[in-house]
Amino acid sequence: MAPRQAEPPQEHLAAAAQVPMVLLNDGQALPQLGLGVWQIDNAIAPEVVTSAIYAGYRLIDTAAGYGNESGVGTALRRARNQFYITTKLRNEDQGYDRTMRAFEASAARLQVDIVDLYLIHWPCPQQGAYLETWRALVELRKQGCVRSIGVSNFMADHLERIIHETGVVPAVNQIELHPAFQQRELRNIHERYGIVTQAWSPLGQGAALADPRISAIAERCGRSPAQIVLRWHLENGTIAIPKSANVVRMTENIDLFGFELTSDDHAVISRLDRHDGRIGPDPAAYGRIGLLRRLSRRISRS
């Protein structure tokens, strides 16, 4: 058995207690603020996640494609407090049987019996496999292997298809969402179906923090620009998963309580939305390059 770590300081336990819980459409709940570990090397993941737990985080978001599930699992195995873990299916593991096997591998690396939230990382529509992949996630939930199932980067047509074909609505859709890319139409669809919106890159990879309009709100509130943007997410009902390996920024990012944004603040941030604000890949096309590479390898071997 792994050695147990000491309890986090009381002020950090208090920070965790202030983070609201968001009720999902399946009756489960998740903290509204978590830590994303994209680009966190597996070797330092135990240290980073342990620091996050001590800062008050209870939701950790990883993925098979990040290559750090085992490091995250090492940290969580040592933790004494309740935590919630999200992981995601690697794109090349889509398809019913491959998904079932890939989940077992992820759970083993995380050293958990049950995953709190399991997501299809990208729809990769060119593969034509996301519907059967979704059926596999539905089966995993039936078997009690996962508490909640959802998707990531799914657009309206992808959501409509899996819902209409299976009758099962995702609990969460994790999407790129920040002041420059607010995805209002997609969020409206989430609201219609009772899907919780979870934001990756909630700070726009730092771009939002340099905007003078955000800075002006921050100065008036006596807060940092990051705290303003993350508070905006929370007040909109979004689950935010900012990424940081820096303990000071982790602590700042969870200190979002004791102030509120005004309606004027929300109006200012609303106007920051841009049609060209997307930073990450387009979900309609993402995965196409990987598919072409696999086809090319098959042709070269034939």
Side-chain angles (χ1 to χ4, degrees), residues 1-24 28-88 106-119 146-148 150 172 174 196 198-203 224 226-227 230-231 233-234 238-258:
M1 180 178 293
R4 291 290 191 179
Q5 300 223 352
E7 289 280 359
Q10 288 300 313
E11 62 268 24
H12 294 162
L13 295 175
Q18 291 186 78
V19 177
M21 298 294 290
V22 175
L23 183 66
L24 307 182
Q28 301 292 334
L30 289 174
Q32 201 179 359
L33 189 74
L35 179 78
V37 295
W38 178 58
Q39 292 184 326
I40 301 295
D41 188 87
N42 191 59
I44 66 168
E47 177 185 352
V48 171
V49 173
T50 298
S51 296
I53 291 170
Y54 267 61
Y57 290 83
R58 292 295 173 265
L59 171 62
I60 308 298
D61 179 274
T62 184
Y66 296 170
N68 56 23
E69 285 177 318
S70 61
V72 170
T74 296
L76 297 183
R77 187 166 56 94
R78 297 172 181 168
R80 297 185 63 178
N81 300 92
Q82 184 181 17
F83 57 83
Y84 301 81
I85 183 69
T86 299
T87 193
K88 311 177 198 74
S106 281
R109 287 190 292 267
L110 289 165
Q111 305 175 62
V112 296
D113 296 322
I114 302 174
V115 170
D116 295 287
L117 178 63
Y118 194 44
L119 307 178
V146 297
R147 292 189 172 89
S148 298
V172 168
Q174 186 184 116
V196 168
Q198 192 173 57
W200 63 261
S201 195
L203 302 176
S224 71
Q227 288 172 317
L230 292 172
R231 181 71 198 185
H233 281 287
L234 266 58
T238 302
I239 297 177
I241 46 170
K243 186 206 85 171
S244 181
N246 181 286
V247 175
V248 173
R249 285 198 291 271
M250 284 183 197
T251 303
E252 176 184 285
N253 288 347
I254 203 172
D255 183 18
L256 305 177
F257 310 97

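Quick note: residue numbers are just sequence positions, from 1.
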request  = Using side chain to side chain contact (heavy atoms under 4.5 Å, CB included) as the criterion, point out the one residue from D61, T86, L30, L117 that pairs with I239.
outcome  = L30
message = With salt bridge (Lys or Arg N to Asp or Glu O under 4.0 Å) as the rule and sequence neighbours excluded, what pairs involving residues 247-257 come up?
response = R223-D255
ask   = Under the 3.5 angstrom rule, does the side chain of H233 hit a backbone N or O of P202 as a donor-acceptor pair?
value = yes
message = I'd like to check L119 versus Q174 (side-chain heavy atoms, cut-off strictly below 4.5 Å). Are they in contact?
response = yes
request  = Compare all side-chain heavy atoms of I60 with those of L76 and state whether any distance is below 4.5 angstrom.
outcome  = yes
task = Apply side chain to side chain contact (heavy atoms under 4.5 Å, CB included) to I44 and list each qualifying residue two or more places apart in sequence or on a separate chain.
result = I40, D41, V48
inquiry  = Test of understanding: with side chain to side chain contact (heavy atoms under 4.5 Å, CB included), list the residues that count as partners of A107, not counting sequence neighbours.
reply    = F103
For residues 31-39, which side-chain donor-acceptor pairs fall under 3.5 Å, sequence neighbours excluded?
| from | atom 1 | to | atom 2 | distance (Å) |
| --- | --- | --- | --- | --- |
| Q32 | NE2 | L234 | O | 2.9 |
| Q32 | NE2 | T238 | O | 3.0 |
| Q39 | OE1 | K243 | NZ | 3.4 |

message = Give me the atom names and distance for the closest heavy-atom approach of A75 to P46.
response = CB-O, 3.5 Å
task = State, with a plain yes or no, whether a side-chain heavy atom of Q111 is found less than 4.5 Å away from one of T74.
result = yes
request  = State, yes or no, whether a side-chain contact exists between Y118 and T87 at a heavy-atom distance under 4.5 Å.
outcome  = yes
request  = Check side chain to side chain donor-acceptor pair (under 3.5 Å) between N42 and all other residues, then give those that pass, not counting sequence neighbours.
outcome  = S70
key: Counterpart residues, side chain to side chain contact (heavy atoms under 4.5 Å, CB included), relative to R147 (two or more places apart)   = Q28, I114, D116
task = Can you measure from OH (Y84) to CE (M21) and round to the nearest 0.5 angstrom?
result = 3.5 Å
key: Which residues share a side chain to side chain donor-acceptor pair (under 3.5 Å) with E47, sequence neighbours left out   = none
key: side chain to side chain donor-acceptor pair (under 3.5 Å) against N68, all qualifying residues, sequence neighbours excluded   = T62
request  = Measure the CG-CZ distance between L256 and R231 for me, rounded to the nearest 0.5 Å.
outcome  = 7.0 Å
ask   = Side-chain contact, heavy-atom cut-off 4.5 Å: M250 with Y54?
value = no
task = For S148, check side chain to side chain donor-acceptor pair (under 3.5 Å) against everything at least two apart and list the hits.
result = D26
key: Flag side-chain contact, heavy atom, 4.5 Å: S106 against V115   = no
message = In the structure I gave you, are the side-chain heavy atoms of Y57 and I254 within less than 4.5 Å of one another anywhere?
response = yes
message = In the structure I gave you, are the side-chain heavy atoms of R78 and I53 within less than 4.5 Å of one another anywhere?
response = no
remark   = All heavy atoms of L203 vs all of A226, minimum pair found to be CD2-O, 3.9 Å
